[in-house]
Amino acid sequence: MSTEGTIPVEAPGGYALQVRGLHKAYGGKVAVAALDLDIPASTFFGLVGPNGAGKTTTLKMCTGLLRPDAGAVWVDGTEVWHNLVRAKAVIGVLPEDLLLFERLTGSELLTFNGLLRGLPADTVADRSQELLEIFGLTDAAATMVIDYSHGMKKKIGLACALIHGPRVLFLDEPFEAVDPVSARSIRTVLERHIESGATVVFSSHVMELVERLCDRVAIMHQGRLVAEGPTDEVRAGTSLEDAFVRLVGGERTSGSDFGWLGTSSG
Amino acid sequence: MARHFLRLKLTLLRNGLRSNWLRKLGIGFSVFAWFWLVVAALGLLLASRSQVLVVPLVFDAFFLGWLLLPLLGMGTDETLDPSRLALLPLDRPALMRGLMTASLVGLGPIATLLALSGTLIRLRPGLAGTLVIGALVAVELLLCVAGSRATTTLFSGVLRSRRGRDVLVFVLAIAGLVPAIAGQIVPRLLVSPNHRTITVGPAGRALYWLPSGWLAHAVLQARAGHLVVALAELAAGGAAVAAALWLWAWALQRALTTSEPATAKQARKRPGLFSPPLSFLPRTRTGAVAAKEMRYMWRDPRRRASLLSVVILLAFPVAGIVMGRTQARQLVLLAGAGVLVLSLQAVNQFGLDGPAFWMNVAAGGDPAADLRGKNLAIAVPGAVVVAVEAVGLAALSGGWAYIPAALLLGAAAMGVTLGVANQASVLAPYPVTDSPTNLWGNNAGCLTALTGLLAMAVTGVLLGPVVAAVAVSLTAWRVGLVVVAAGAAIYGYLLWRLGSRLAANRLRTRQIEVLQAVSGRSAA
């Protein structure tokens with residue numbers, strides 16, 4: 001990291017997440033360019049952007065899963081890349097690709113995660129049971145995760161991210177390909193988490209959901225923030241989807257009117 | 001329609017040649033493999049004295065190869081999976097014509113034709129015979145292709161289910177034993193009553209049971225001038241092709257209109273992470289990692305297959321005694337060697353976790369605990385294996401006195417191999433894929449072999465002094481063998497501590513790089 005040594009270990013302000021000059025390039029392609037971001041505590045924060053905007057890369061760098069080329073990240077006042085162990089203790093993560101130890105059962109995976117986090121065994125047992133109940137996974141507790149549906153995998157992944165009671169929760173596309181019932185139970189848990197004073201940062205493509213859930217939102221495009229602030233301010237009187245399309249310049253029209261669509265005679 | 005499928009197949013072949021070097025390497029490998037198959041088949045057909053054995057053997061081998069290898073994911077292409085074509089508005093005969101045309105193009109059919117044409121060269125039949133044998137070879141090719149299509153379509157649903165893939169990976173992993181088993185079986189098919197002529201024995205007659213065997217029999221009949229018999233068998237072969245096509249049509253209809261089997265509904269309920277026999281493990285990070293690893297040893301088909309191969313390898317010294325080849329009591333000391341095989345699986349401990357290793361990385365804490373847990377998961381079954389093997393060998397050879405030394409030497413071997421394996425796991429981690437078609441890594445075959453060989457060489461060098469000391473003790477100071485073995489165990493422990501400490505230090509600063517290395521392309 002090029003800025004190592006010049007970054008103050010303590011956070012500049014009392015935010016749940018602060019990012020300064022975060023930068024990452026793969027080969028010659030810049031994925032995240034000098035990103036600055038402040039997220040107040042107890043906020044439901046949405047990070048939106050088209051595919052390849054750099055959302056996943058940003059979340060990975062904020063959670064200590066991908067080393068940045070430059071920049072600093074403070075989570076709950078701790079600089080992640082100076083004190084990985086302390087920072088990870090207050091972070092919960094749900095990655096987009098959901099790569100879990102799938103040949104453990106739901107209950108075994110929760111136990112495994114709790115003990116990895118250094119929690120006492122009886123605390124792990126109690127919390128596992130509660131989490132399985134709240135996510136409606138009790139019946140599937142003894143089934144291997146590899147046999148779970150996509151929605152069930154998202155829920156068990158989220159349960160793993162929550163088991164140590166993190167102060168800041170990072171979720172990459174938590175609602176993608178999730179049925180409405182599972183989405184509702186995930187939302188309920190996240191809202192309860194916010195009420196307890198924690199912060200949730202999540203990326204999503206579902207604009208209506210971000211608009212409805214989030215206090216604050218940031219729109220990323222080509223590795224940069226093109227808008228950030230309270231959701232109402234960012235959408236500026238229109239829907240978030242309209243604001244999004246306007247800001248990332250995605251509204252293209254074609255010369256063709258596709259008059260042939262729907263003309264097949266079988 | 002056949003024209004479109006032909007063009008699709010040719011485009012796929014051409015694109016394969018244009019793609020990245022790894023894909024080209026894969027194509028190069030299949031050209032190489034087919035080339036040697038043709039050479040081997042031609043060699044057998046042209047050089048063997050026993051055509052009654054070799055002709056059906058080659059015909060059956062190609063037929064069974066075509067039938068089974070695509071099921072194992074070898075030599076498959078996109079045109080083989082009917083589910084990809086389910087949405088196209090094609091009737092079944094058109095679809096079958098197209099798929100059949102596409103499968104008759106490529107390396108496989110050409111190589112099969114080349115190999116089978118060896119019968120014509122070797123047998124030198126007359127004109128009529130040549131025509132009949134040519135037709136028989138063509139029918140054999142059709143039988144291979146139609147049979148292959150029928151089986152892949154029949155099993156395409158099962159192969160897409162998790163259980164089907166698990167069975168497949170397991171079968172593939174132990175497929176390495178096939179040559180050894182075949183080497184035992186093939187010579188038994190022959191009978192040589194007077195040591196001059198070789199004929200097919202009763203077991204060898206089974207070669208003629210398959211439809212490809214009928215065709216092979218017809219080839220020999222045509223060569224002998226019994227053209228009527230040959231033509232009758234040719235007709236029987238043609239009927240077999242028709243039957244394969246019918247089966248294929250039926251399976252195709254079913255595959256296009258039914259969904260994959262749902263595994264989740266029949267999933268077995270399993271006990272918790274620390275349920276017996278793992279309840280002795282500590283409820284800590286180390287214990288959790290060890291428990292997860294040991295559960296995986298049974299549940300992950302790749303690891304289960306490795307375990308099976310260890311058991312098979314361990315059976316060799318036992319078989320040596322049982323078959324009366326040796327009665328040496330010192331053989332008990334070899335019980336420790338089983339550990340070497342088991343620990344070799346540890347050279348890429350994080351690679352087996354794959355991209356899911358992010359869970360350990362995200363958890364923070366001391367990654368040295370992960371390493372200890374993984375080592376514990378090898379040491380526990382390792383100790384059981386050594387103890388059982390030592391007792392078994394002692395019971396057979398009477399070398400009970402060697403048991404303490406064998407156990408101590410097992411501990412020494414375990415310490416040295418794990419110390420080296422920990423270093424290798426952290427210095428050269430590589431991804432291991434779950435794909436049933438590519439068992440040994442994301443095209444990281446060279447790296448896999450190189451890391452394994454290097455680790456083995458280093459382990460060998462470090463175990464050199466132990467072997468030398470045991471050899472000296474056995475010849476010059478037999479009573480002191482236990483002392484030597486105890487010294488070896490301490491030496492092994494110290495090397496394990498050293499290897500683990502160095503590996504843990506590196507892991508503390510390079511955990512993210514290890515994660516990226518074992519995640520393959522999905523890391524970014």
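In what follows, chains are A, B, ... by sequence order, proteins preceding strands, each numbered from 1. Values reported hereafter were calculated over all heavy atoms of this structure, with side chains retained and with hydrogens, waters and symmetry mates removed. Computed from a predicted structure; not experimentally measured.
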Atom pair OG1/CG of B:Thr286 and A:Leu115 - distance to nearest 0.5 Å
10.5 Å

Distance, nearest 0.5 Å, that separates CE of B:Met359 from CZ of A:Phe101
7.0 Å

Measure the spacing between OG1 of A:Thr111 and NZ of B:Lys292 and express it to the nearest 0.5 Å.
14.0 Å

In Å, rounded to the nearest 0.5 Å, how long is the span from NZ of A:Lys60 to CD1 of B:Ile512?
11.0 Å

Intermediate values then yes/no, side chain to side chain contact (heavy atoms under 4.5 Å, CB included), A:Leu116 and B:Arg285:
CA-CA 5 Å; A:Leu116 270 192; B:Arg285 181 169 180 151; 3.5 Å; yes

Tell me, yes or no, whether the heavy-atom count around B:Arg508 atom CZ, taken from other residues, nucleotides or ligands under 6.0 Å, exceeds 12.
yes

Is B:Arg303 atom CZ crowded by more than 12 heavy atoms from other residues, nucleotides or ligands, each under 6.0 Å away?
yes

I want to check something: taking the side chain as every heavy atom from C-beta on, are A:Ile146 and B:Arg299 in contact at a cut-off of under 4.5 Å?
no

Proximal component of B:Asp370, with respect to chain A [non-hydrogen, under 4.5 Å]
side chain

Trace of the side chain to side chain contact (heavy atoms under 4.5 Å, CB included) decision for B:Glu513 with A:Arg67
CA-CA 9 Å; B:Glu513 283 70 19; A:Arg67 207 182 292 278; 2.9 Å; yes

B:Gln253, CD atom: more than 12 neighbouring heavy atoms under 6.0 Å:
yes

Heavy-atom check, side chain of A:Leu99 versus side chain of B:Phe357, under 4.5 Å:
no

Would you find a donor on one side and an acceptor on the other, under 3.5 Å apart, between the side chain of A:Arg103 and the backbone of B:Tyr296?
no

Of all the heavy-atom pairs spanning A:Val93 and B:Ala362, show the shortest one and how long it is.
CG2-CB, 4.3 Å

Please classify the contact of B:Phe274 with chain A as side chain, backbone, both or neither, using a heavy-atom distance under 4.5 Å.
side chain

At their closest point, which heavy atom of A:Leu100 faces which heavy atom of B:Trp358, and how far apart are they?
CD2-CZ2, 4.2 Å

Of all of B:Ala363, B:Gly272, B:Gly373, B:Gly287, which one pairs up most often with chain A through heavy atoms under 4.5 Å apart?
B:Ala363

Side chain to side chain contact (heavy atoms under 4.5 Å, CB included), that's the test. Do B:Arg295 and A:Glu108 meet it? Break it down for me.
CA-CA 10 Å; B:Arg295 298 251 171 242; A:Glu108 288 171 351; 3.8 Å; yes

Gap between atom CZ of B:Arg283 and atom CG of A:Leu119 - 0.5 Å precision:
15.0 Å

Engaged part of A:Leu109 at the chain B interface, taking heavy atoms whose separation is under 4.5 Å
side chain

